[in-house]
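Structure, as structure tokens:
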2 protein chains.
Amino acid sequence: MTETPYTIRQMCEEFEVTARALRFYEAKELLFPERQGTKRLYSKRDRARLKLILRGKRFGFSLEEIRQLLDLYTMGDQGATQLTMTRTLALKHLDEMKSQRDELNQAIAELEQEIEWGTKKLERLGERETAA
Amino acid sequence: MTETPYTIRQMCEEFEVTARALRFYEAKELLFPERQGTKRLYSKRDRARLKLILRGKRFGFSLEEIRQLLDLYTMGDQGATQLTMTRTLALKHLDEMKSQRDELNQAIAELEQEIEWGTKKLERLGERETAA
DNA sequence: CGTCAGATTTACGTTAACGTCATCTTTGGT
DNA sequence: ACCAAAGATGACGTTAACGTAAATCTGACG
């Protein structure tokens with residue numbers, strides 16, 4: 001078993017996306033499944049890429065941004081110039097993600113505060129009701 | 001100085017958004033500036049809400065989701081039922097944000113790996129060039 | 001060989017979140 | 001009183017990321 005190509009249906013089920021989305025990602029050059037006749041066959045590499053695509057989306061990156069990031073994980077044997085550019089781009093994204101994480105942590109802390117506040121208020125209301 | 005209302009322009013500059021966006025948020029009931037005649041006046045409370053709106057956007061929440069979250073920060077003197085619902089919703093969002101953070105941390109770690117890999121490759125290329 | 005489910009291609013539709021005019025009003029300043 | 005700038009109100013346009021429908025194709029099976 002050297003490889004294990006997936007059909008489009010299997011991909012859909014495994015990643016919970018529609019066939020339309022997969023074809024769309026292909027049209028946008030984020031995926032390059034091979035063809036067996038006219039049908040698409042998704043390799044392990046395609047599956048890895050799709051995973052990254054979906055994760056990128058969850059972080060609010062656009063498909064175009066994701067496409068650029070994907071090239072990073074495909075860094076084969078490019079020239080030093082290309083590699084440097086890719087790395088620079090990646091560092092930029094890394095920075096974004098880090099500030100995003102910091103802000104997210106702050107937001108989480110604040111939201112927890114608010115919830116605690118609401119919880120205590122509910123407790124007081126409960127006491128009143130119990131006392132009556 | 002009990003209050004310090006902002007004009008729409010001041011809001012735009014302070015938060016780097018367009019007037020169109022502010023009116024749009026108002027149409028979607030995320031902001032409720034008062035009116036002095038026909039003109040909008042944004043209170044401190046509006047500014048706080050806008051800050052949360054923009055932050056929510058950065059985390060990929062839709063305006064509708066943000067609207068619901070905003071009500072959390074407006075928990076005044078509602079009934080216990082309403083308050084419980086709001087709190088439940090908030091806990092759900094909190095969970096989402098926490099998993100998002102965890103996934104983000106993992107993505108950051110992986111991206112750092114890749115970058116390090118690229119960096120080392122560049123170093124090797126540099127050595128070769130130097131040796132030539 | 002017929003057909004019937006599953007794929008593909010093509011093309012138009014949809015939603016969110018504004019952008020971009022065009023066209024009034026309002027208003028502070030001279 | 002008058003003018004230009006700022007603000008308001010429609011109304012239509014735009015982009016991203018698919019959804020949906022229609023027509024065609026293709027391959028395994030009885």
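Note on naming: letters A, B, ... go to the chains in the order of the sequence lines (proteins, then strands), and numbering restarts at 1 for each one.
Rounding to whole angstrom units, CD of residue B:E64 and C1' of C:dC18 are separated by 17 Å. When rounded to the nearest whole Å, the span between CZ of A:R23 and C1' of C:dA7 equals 6 Å. The nearest whole Å value for the distance from the CZ atom in A:R67 to the P atom in D:dA16 is 13 Å. Straight-line distance from the OH atom of B:Y6 to the P atom of D:dG7: 15 Å, rounded to whole Å. Atom-to-atom, CG of A:L22 to C1' of C:dT9 comes out at 16 Å; the value is rounded to the nearest Å. One interatomic measurement links the two molecules: CD of A:E26 to P of C:dT8, which rounds to 9 Å at whole-angstrom precision. Rounded to whole angstrom, the span from the CD atom of B:Q36 across to the P atom of C:dT27 amounts to 8 Å. Taking atom CG of residue A:L41 and atom P of nucleotide C:dG6, one finds them 17 Å apart after rounding to whole Å.
Close to C:dA16, at under 4.0 Å from its OP1 or OP2, lies no side-chain N or O of B:K57. Within the 4.0 Å cut-off from OP1 or OP2 of D:dA17, not a single side-chain nitrogen or oxygen of A:Y25 is found. Contact annotation: B:T18 side-chain N/O to C:dC18 OP1/OP2 distance is not under 4.0 Å. Between A:R40 and C:dG6 there is no side-chain N or O to OP1 or OP2 distance below 4.0 Å. Distances shorter than 4.0 Å separate some side-chain N or O of A:R35 from OP1 or OP2 on C:dT9. Between B:R9 and D:dG7 there is a side-chain polar atom (N or O) within less than 4.0 angstrom of OP1 or OP2.
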Q) Could you go step by step and tell me if B:E103 and B:K98 meet the salt bridge (charged side-chain N to carboxylate O under 4.0 Å, His left out) rule? A) CA-CA 9 Å; B:E103 212 186 334; B:K98 282 188 177 177; over 6 Å; no
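Distances were taken from every side-chain heavy atom of A:S62 (C-beta onward) to each of D:dA17, D:dG7, C:dA7; the shortest belongs to D:dA17. Taking every side-chain heavy atom of B:T7 into account, D:dG7 is the closest of D:dC18, D:dG7, D:dG19. Closest contact between the side chain of A:K39 and the listed nucleotides D:dG27, D:dT20, D:dG7 involves D:dG27.
We find the CG-CG distance between B:L50 and B:L30 to be 9.5 Å, quoted to the nearest 0.5 Å. Within the model, atoms NE2 of A:H93 and CG of A:L69 stand 4.0 Å from one another, a figure rounded to the nearest 0.5 Å.
Along DNA chain D, the nucleotide nearest to A:G37 and the one nearest to B:I8 differ in position, and the one closer to the 5' end is contacted by B:I8. Of the two residues contacting DNA chain C, namely B:F24 and A:R20, the nearest-nucleotide position lying further toward the 5' end is that of A:R20.
By the 4.0 Å N-to-carboxylate-O rule, B:E26 lies close enough to B:R40 to be salt-bridged with it.
Looking at heavy-atom distances under 4.0 Å, A:K28 makes no contact with the nucleic acid at all.
Connection of B:L41 to B:F15 is not established within any shared hydrophobic cluster, with ILVMFWY side chains joined at heavy-atom distances below 4.5 Å, either directly or through further cluster members.
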